[in-house]
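Throughout, residue positions are numbered sequentially from 1 according to the sequence presented.
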Amino acid sequence: TNGVIEDRQVGSIVGDDLITNGTFDTDTDWTLGTGWTISGGTLNANITAGSLVSQSGMGFANDETYIYSFEIKNYVSGSIRLGDAHNVWNTASADGVVSGETTLSGGPGDLVYFSTTLSFVGSIDNVFIYEVRNDLDITDVEIVKDGSYAAKFDGQDSKVDTGTDM
């Protein structure tokens, strides 16, 4: 990657979206339990007993903070939980956007899941998870890329990725 430049006044500084196919455009990348389907651009559930859907390859790190968001559509009944191998992040039971922030504990993990508490009938869409980047430093530096782009940082309102890939 080329790094991240972000003004802290617009909110948290985050990395790339960790979820693959969070808009459910195809029936791929998710391991579906009993009662789950992907169709029509949503993850759909018609579940009367506990079941889960998951995605691996997250690379979650212990003590790191993540921002998440998902949308429940066509809600009929029941409730849905979002979590990782060690923690439940949120539980929801109505149409709408569910978002929040979680700091992981209990060890690193590779899996994110949606599960039902008992039953859930409805759809899920627009799933996003971003790691909050604490490795960004405030700086007063001018960056010129390819001689055509420049940015001046005043050391008060801006941050620049000082990682090794810059």
Side-chain angles (χ1 to χ4, degrees), residues 1-136 157-159 161:
T1 64
N2 289 328
V4 177
I5 299 172
E6 181 68 71
D7 185 274
R8 83 171 117 156
Q9 293 178 3
V10 299
S12 297
I13 299 164
V14 297
D16 295 331
D17 184 8
L18 299 176
I19 294 292
T20 302
N21 192 28
T23 54
F24 304 100
D25 297 325
T26 61
D27 187 4
T28 59
D29 305 301
W30 294 88
T31 302
L32 304 176
T34 303
W36 294 95
T37 61
I38 295 175
S39 65
T42 58
L43 173 65
N44 308 296
N46 188 357
I47 298 165
T48 57
S51 182
L52 65 85
V53 59
S54 63
Q55 187 173 122
S56 60
M58 296 296 103
F60 293 134
N62 200 35
D63 298 324
E64 294 295 330
T65 300
Y66 298 87
I67 295 171
Y68 61 87
S69 179
F70 64 94
E71 184 177 1
I72 298 177
K73 297 179 174 181
N74 306 313
Y75 174 81
V76 175
S77 63
S79 61
I80 191 75
R81 293 181 293 212
L82 171 67
D84 67 84
H86 305 284
N87 307 279
V88 174
W89 300 0
N90 209 322
T91 302
S93 57
D95 277 341
V97 175
V98 179
S99 60
E101 185 175 288
T102 187
T103 301
L104 299 188
S105 61
D110 193 43
L111 181 79
V112 65
Y113 71 85
F114 284 99
S115 71
T116 59
T117 52
L118 289 175
S119 66
F120 178 71
V121 179
S123 300
I124 297 171
D125 200 3
N126 302 314
V127 180
F128 304 99
I129 299 174
Y130 299 96
E131 180 182 1
V132 176
R133 299 279 308 269
N134 295 318
D135 62 333
L136 302 179
D157 299 323
S158 304
K159 291 190 176 189
D161 184 341

- Task: Kindly write out the residues that satisfy side-chain contact (heavy atoms from CB on, under 4.5 Å) with Ser93, not counting sequence neighbours, or none if the list is empty.
- Result: Tyr75, Ser79
- Query: What residues form a side-chain contact (heavy atoms from CB on, under 4.5 Å) with Ser69, not counting sequence neighbours?
  - Reply: Val97, Ser99
- Item | side-chain hydrogen bond (donor to acceptor under 3.5 Å, both in side chains) against Thr91, all qualifying residues, sequence neighbours excluded | none
- Item | Derivation and outcome, ring pair (Phe, Tyr, Trp, His ring centres under 6.0 Å), residues Phe60 and Tyr66 | CA-CA 9 Å; Phe60 293 134; Tyr66 298 87; 5.0 Å; yes
- Rounding to 0.5 Å, atoms CZ (Phe24) and CG (Asp29) come to a distance of 9.5 Å
- Note on the structure: The salt bridge (charged side-chain N to carboxylate O under 4.0 Å, His left out) partners of Asp84 (sequence neighbours excluded) come to none
- Note on the structure: Distance col, row Glu131:CD vs Asp16:CG, nearest 0.5 angstrom, shows 10.0 Å
- Item | Gap between atom CE of Met58 and atom CG of Leu104 - 0.5 Å precision | 12.0 Å
- Query: Does some side-chain heavy atom of Thr116 sit less than 4.5 Å from a side-chain heavy atom of Trp36?
  - Reply: yes
Under 3.5 Å, sequence neighbours excluded: what are the donor-acceptor pairs made by side chains of residues 118-129?
unit_1 : atom_1 : unit_2 : atom_2 : d
Ser123 : OG     : Asn44  : OD1    : 2.7
Asp125 : OD2    : Lys73  : NZ     : 3.0
Asn126 : ND2    : Glu71  : OE1    : 2.8

- Taking the side chain as every heavy atom from C-beta outward, state whether Leu18 and Tyr130 have any atom pair closer than 4.5 Å. no
- Please report the closest heavy-atom contact between Val98 and Ala92, naming both atoms and the distance. CG2-CB, 3.7 Å
- Message: Could you work out, with side-chain hydrogen bond (donor to acceptor under 3.5 Å, both in side chains) as the rule, every residue matching Asn90, not counting sequence neighbours?
- Response: Tyr68
- Note on the structure: Distance col, row Tyr113:OH vs Arg81:CZ, nearest 0.5 angstrom, shows 5.5 Å
- Query: Nearest heavy-atom pair of Val132 and Glu64: which atoms, and what distance?
  - Reply: O-OE1, 4.4 Å
- Message: Working to the nearest 0.5 angstrom, can you tell me the gap between Thr31 OG1 and Leu52 CG?
- Response: 9.0 Å
